[in-house]
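Order of appearance sets the numbers: ligands from 1, and atoms from 1 within every ligand. Just so you know, these numbers use all the heavy atoms, side chains as well, and skip hydrogens, waters and symmetry mates.
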Amino acid sequence: PQTICLSDYKVPAYLVDQVDLRFELFEDGARVHSVLSVRRNPESSAGDEPLYLHGDSLVLESVALNGTPLAAGDFDDLGDALVVSSVPEAFELQVVTWIEPQNNTRLEGLYKSSGMFCTQCEAEGFRCITFYPDRPDVMARFRTRIEADRDAYPVLLSNGNPVAKGDLEGGRHYVTWEDPFPKPAYLFALVAGDLVEKKDTFTTCSGRSIDLRMYVEPRNAQKCDFALDALKRSMRWDEDVYGREYDLDIFMIVAVDDFNMGAMENKGLNIFNSSCVLASQETATDAAFQRIEAIVAHEYFHNWSGNRVTCRDWFQLSLKEGFTVFRDAQFSADMGSPTVKRIEDATLLRTAQFAEDAGPMAHPVRPASYMEISNFYTLTIYEKGAEVVRMIHNLLGESLFRQGSDLYFQRHDGQAVTTDDFVRAMEDASGRDLSQFRLWYEQAGTPALTVTDEFDEERCVYRLTVSQSVPDTPGQTGKKPQHIPFAVGLLGRDGQPLPLLFSAGSDDAPVDRVLELTEREHCFEFHGVSERPVPSLLRGFSAPVRVHYPWTREQLLFLMSHDPDGFNRWDAGQRLAVDVIQSLIVAPEAEVEPRLVDAYRSLLRNTGLDQALVAKMLQLPSEAYLIELSEQADVAAIHRAREAVLSHLATHLRDELLACYHRNSAQGDYQLTPESVARRSLRNTALGWLLHIGDQQGLVLAQEQLRSADNMTDRLGALRALVNSDFVEERTQALEGFYQAFREDPQVVELWFSVQAASVRAGQLPQITQLLEHEAFDWKNPNKVRSVIGAFASQNLAAFHNPDGSGYAFLATQVCRLDDSNPQIASRLVTPLTRWRKFAPEYRVLMKSALERVRDKDRLSGDVYEVVHKSLA
Ligand code: B3K
Ligand code: ZN
């Protein structure tokens, strides 16, 4: 595979104004008639370069220019491209191709999923449908006519508005769609199937009435309400917070079972993975509801941040993804608990994005090169990209940020632009200079802050010294200091926030400040401080950085109960728990810090504090996070130490856990308010801890909860607690009963798979192998693959990292198998092995050799090739 470089970017030599497509859909394939209105790009210096159209897995049936068929010598079918030499300034190109959606297992382009036709074109799937300049800076108007059998495919959808329909011979029919907004081909979509339609409407801020439609398989008809409501909340929110009104007359959502990722923001026709849109109280957990709301919002928000203003090239991917993730995070914060949302996002970032940024695939938010763009839909592009936008928001403040986004949308509407254009709009609207800030887009790696402090009792001065460094990453060394917003506060001995005075004598100082770090080292002096304070650092996780400060356990305990910043309260608890677990890794026989037990006891008893925050604070840091924090991870030792702390806490807090369980037991109807979500979370955490230590009363409660729960959160909570216990017989029974009750529902079966695959007790390798042979497992369905193989390798760390190397060998085998049918999925799945350098030598050797086995596979896809070669380099 070739490396594509940002520095080689050239404007397209030809532009497409209009695309007319006609799809003839059959059971043994599809014929695609395409008519492109092409003209030379006045901005290109390319001269009379040939017309170059991308293509992939296409059978070319005919090609004509301005109606005249081209002879063999007039064009080249290169397999991955169609090249037409000597074309006029402006012309029409007619191309007919034949494709086989029914055999498309890569799930890119046009394919079939449970009997329906559907598409996925981002990033480069459109070229699997027809020959086309498949790059986001070529924007055209699309008109699409779909023809298919009327009985088998009564519903025919594409982007924009329906403009014509009718019957055809042989029991066939057609519908024609027209999208008035020029768009890149990656936003094209088509759906044909026997689907039921759920209807709703939304009235926009200017009074236009929009038809909202959801299309699902008949068996899912009862699972649409939540997503439709979430869609309406998103539409209203984007008007209120960003001034963005929807533009077409109709907005459609389709659910498909086989999908490589979560969802896709095609113009006017969003396509969703069923698991990211369908929900009912009986089948979806609270976490699933929240995820669905966030993804529905995310895809909807793309209509402006992505579709109306799109990316010039794929190096700019974070332009739409980082910004849209930031927008959906703001939305989720507004819909629920902002502190909890921030904790969840920071956890993901610190656990997984920091690991990516420290690993072999580390890349900047705006990468400089790639081989396979599908590999760059990463946590760095999405999550770190969102943090970068959040930092701009923090630096500018709410109102200037809004002026910046207004300017961005207005200035670039209908254009394909760069992250630099985004930053410039923010600069122009605010008058701030963000030149140093741009390094966040260019430099990979997580900046590390080292903080020290001094207290001058005589002068009443407290001094914070902060130094920053950005680590080397593949291909990048000697990095410059970045512009980092560092939010801090100081707490006095009684827990009171202290005013932050930069000079003596000033009054009316704030108790919260965002310090701006721009140098390698910065010293901040705070005056009028009469006692040594406890610093609260990086409040609200104001920048995606690591913070090193020599906290004592007393200070952490103090922050845990006094910090007015909820995020930092949680963070202090995490740091304390990490410290305690780490000391047990070093000295397994050592005593568990009694003050940790006391701290958890008061959390369990604390009904005054926001219960959603309490629920989060009770979660011990994950094994994945503990691995990320270590230099040379010894997984077995980490697992043992964490389990020991958990058992110790559960044993000493048994009464509090039982009380907490009963206090939070279901009352009244199922609701999705933050309070009820927190209640279920608390009670299921308590249950999990009790079963972890084999508590008999816990067992009875779990079995009763499993029987009587009226919602999936509680049912799954009980099942998970049982699966993670040593009650072997009971857990087997519970699993069997659960499966029999929900075997018809693929989304619940996925939960059922992953609960087992992620459990060190129920998910050892022989059991995982059995799951792969289970009647409900399906190699062609990415959700099933993820729920077994993905859950095993990324959540069941003690089993995956079995010191005999069997987990690694297993993953290598499955990756090789999947690489032949679905390279994108294979490439995602191999990720855990690529982190081999992070582990203690005995693991490292085995991980590396599993990776080498993948490298040596015959006909390795470009997707997996890139990841494996870069991680072995
Ligand atoms: N834009 C799509 C992701 C496409 C992934 C292509 N491999 C979903 C999203 O981020 O909204
Ligand atoms: Zn997105």
Find, among atoms of His302 that are N, O or S, the one nearest to the Zn ion (ligand 2), and state its name.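 Sorting the N, O and S atoms of His302 by distance to the Zn ion (ligand 2) puts NE2 first.
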Taking just the N, O or S atoms of His298, which one is nearest to the Zn ion (ligand 2)?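 The His298 atom nearest to the Zn ion (ligand 2), restricting to N, O or S, is NE2.
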Give the C-alpha distance, both sets of side-chain angles, the deciding distance and a yes or no for side chain to side chain contact (heavy atoms under 4.5 Å, CB included) between Arg390 and Val325. CA-CA 10 Å; Arg390 177 181 296 270; Val325 172; over 6 Å; no
Measuring to the Zn ion (ligand 2), does Glu321 have an N/O/S atom at a distance below 2.8 Å?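 So Glu321 counts as coordinating the Zn ion (ligand 2), yes.
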Which residue owns the protein heavy atom closest to [atom], what's the atom, and how far is it?
atom                    : answer
atom 8 (C) of ligand 1  : Ala263 O, 2.9 Å
atom 1 (N) of ligand 1  : Glu122 OE1, 2.5 Å
atom 10 (O) of ligand 1 : Tyr382 OH, 2.5 Å

Aromatic ring proximity Tyr9/Phe315, centre distance under 6.0 Å: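 No, the ring centres sit 6.0 Å or more apart.
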When the aromatic ring centroids of Phe401 and Phe326 are compared, is their separation below 6.0 Å?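 So the answer is yes for these two rings.
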If you count the atoms of ligand 1 from 1 in the order shown, which ones are under 4.0 Å from a heavy atom of [X]?
X      : value
Met261 : 3 (C), 4 (C), 5 (C)
Glu265 : 1 (N), 2 (C), 8 (C), 9 (C), 11 (O)
His302 : 9 (C), 10 (O), 11 (O)
Met264 : 1 (N), 2 (C)

cation_pi([X], [Y]) dist<6.0 Å, angle<=45:
X      : Y      : result
Arg411 : Phe409 : no
Arg233 : Phe226 : yes
Lys232 : Phe202 : no
Arg127 : Tyr132 : no

Kindly compute the distance separating CZ (Arg106) from CD1 (Ile825), expressed to the nearest 0.5 Å.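 So the gap between those two atoms works out to 13.0 Å.
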Is there a heavy atom of Lys320 sitting under 4.0 angstrom from any atom of ligand 1?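 Yes, that is the case, since the closest heavy atom of the residue is under 4.0 Å from the ligand.
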Under 3.5 Å between any N/O of Glu321 and any N/O of ligand 1: does that happen in this structure?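 Yes; the residue has a nitrogen or oxygen that sits under 3.5 Å from a nitrogen or oxygen of the ligand.
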Polar proximity ligand 1 side, Ser374 side, N/O cut 3.5 Å exclusive: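 No; every N/O pair is 3.5 Å or more apart.
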Report the relative orientation of the aromatic rings in Tyr186 and Trp314; use parallel for angles under 30°, tilted for 30 to 60°, perpendicular for over 60°.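 Rings of Tyr186 and Trp314: perpendicular, over 60°.
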